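In this text, all values refer to a predicted model and were calculated from it rather than measured experimentally.
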Amino acid sequence: MFRPISLAIALAVGFLAAHSASAMSVRELRTLEKTEAAGEVHALYYLVGLLEGALEAQAKAVRLGATPGFCPLERRLEPRMARELFDTELRRQADLYEADMPAPLVLLNALGTVYPCQ
């Protein structure tokens with residue numbers, strides 16, 4: 001079933017496309033985890049930053065009148081959940097994501113799946 005994309009998600013994806021040089025790909029994130037001594041910690045910090053950035057971007061978009069792309073409402077959404085959200089989305093949609101796709105896209109899709117708006 002096709003679900004129309006909200007303005008907030010469209011804005012976020014547009015931002016990612018415009019700034020894709022600064023967004024880490026799934027492959028780059030995995031490489032970071034495996035090759036650097038503190039790579040897993042750095043990757044976790046990156047994912048937490050993506051999560052917090054997505055929350056802030058959506059809050060701003062909603063203040064400007066956009067429809068939210070995800071709605072945590074009363075449900076818990078904490079920074080420590082970023083890794084699990086990211087990995088679960090990659091497993092759930094393994095055939096959709098390619099290694100060169102931006103990691104922020106994966107996390108935004110995870111947020112929309114786990115915290116849908118009614």
Side-chain angles (χ1 to χ4, degrees):
M1 181 167 104
F2 176 74
R3 189 173 65 157
I5 191 164
S6 71
L7 181 57
I9 295 294
L11 289 172
V13 171
F15 177 80
L16 290 175
H19 296 92
S20 61
S22 62
M24 194 177 295
S25 70
V26 173
R27 179 190 325 266
E28 291 168 329
L29 188 65
R30 296 293 187 220
T31 301
L32 172 67
E33 291 172 327
K34 294 176 184 174
T35 58
E36 291 191 22
E40 286 186 30
V41 173
H42 291 151
L44 179 59
Y45 283 142
Y46 182 75
L47 290 172
V48 168
L50 291 179
L51 177 62
E52 291 176 348
L55 290 169
E56 288 300 317
Q58 175 166 278
K60 182 176 182 177
V62 168
R63 282 192 303 271
L64 295 173
T67 303
F70 56 94
C71 298
L73 301 175
E74 304 300 319
R75 295 173 50 201
R76 184 179 49 160
L77 177 57
E78 299 174 3
R80 64 180 176 78
M81 299 168 70
R83 164 61 71 192
E84 184 179 343
L85 285 167
F86 184 82
D87 289 341
T88 300
E89 178 68 11
L90 283 177
R91 280 191 306 273
R92 191 179 67 78
Q93 297 284 354
D95 57 330
L96 177 66
Y97 297 111
E98 296 178 10
D100 291 326
M101 293 180 101
L105 178 63
V106 176
L107 191 60
L108 281 173
N109 286 342
L111 289 168
T113 300
V114 175
Y115 300 100
C117 299
Q118 271 71 26

Side-chain touch Glu52/Pro79, heavy atoms, less than 4.5 angstrom: yes
CG on Asp87 to CZ on Arg92, rounded to 0.5 Å: 13.5 Å
Show me the donor-acceptor pairs, under 3.5 Å and distance only, between side chains in residues 99-107 and residues at least two apart or in other chains.
{"from": "Asp100", "atom 1": "OD1", "to": "Arg27", "atom 2": "NE", "distance (Å)": "3.0"}
{"from": "Asp100", "atom 1": "OD1", "to": "Arg27", "atom 2": "NH2", "distance (Å)": "3.2"}
{"from": "Asp100", "atom 1": "OD2", "to": "Arg27", "atom 2": "NH2", "distance (Å)": "3.3"}

CD (Glu36) with more than 12 external heavy atoms under 6.0 Å: yes
Step-by-step side chain to side chain contact (heavy atoms under 4.5 Å, CB included) determination, Leu90 to Arg30: CA-CA 12 Å; Leu90 283 177; Arg30 296 293 187 220; 3.0 Å; yes
Apart from Tyr45 itself, residues in the same hydrophobic cluster as defined by side-chain heavy atoms under 4.5 Å: Val41
Audit row: Gln93, Asn109, side chain to side chain contact (heavy atoms under 4.5 Å, CB included) steps and yes/no: CA-CA 10 Å; Gln93 297 284 354; Asn109 286 342; over 6 Å; no
Arg63: salt bridge (Lys or Arg N to Asp or Glu O under 4.0 Å) partners, not counting sequence neighbours: none
Arg75 CZ to Tyr115 OH distance, which is reported to the nearest 0.5 Å: 5.5 Å
Set of residues satisfying salt bridge (Lys or Arg N to Asp or Glu O under 4.0 Å) with respect to Glu78, sequence neighbours excluded: Arg80
Nearest-0.5 Å distance, CG of residue Leu108 to CD of residue Gln58: 9.0 Å
In one Ile/Leu/Val/Met/Phe/Trp/Tyr side-chain cluster, 4.5 Å: Leu44, Leu111: no
Side chain to side chain contact (heavy atoms under 4.5 Å, CB included) partners for Glu84, two or more places apart: Thr88
4.5 Å side-chain heavy-atom contact, Val26 and Phe86: yes
Euclidean distance, Leu77 CG relative to Leu85 CG, rounded to 0.5 Å: 6.5 Å
Side chain to side chain contact (heavy atoms under 4.5 Å, CB included) involving Ala43 - partner list, sequence neighbours excluded: Leu29, Leu32, Glu33, Arg83
ILVMFWY cluster, Tyr97 and Tyr46 together (side-chain gap under 4.5 Å): yes
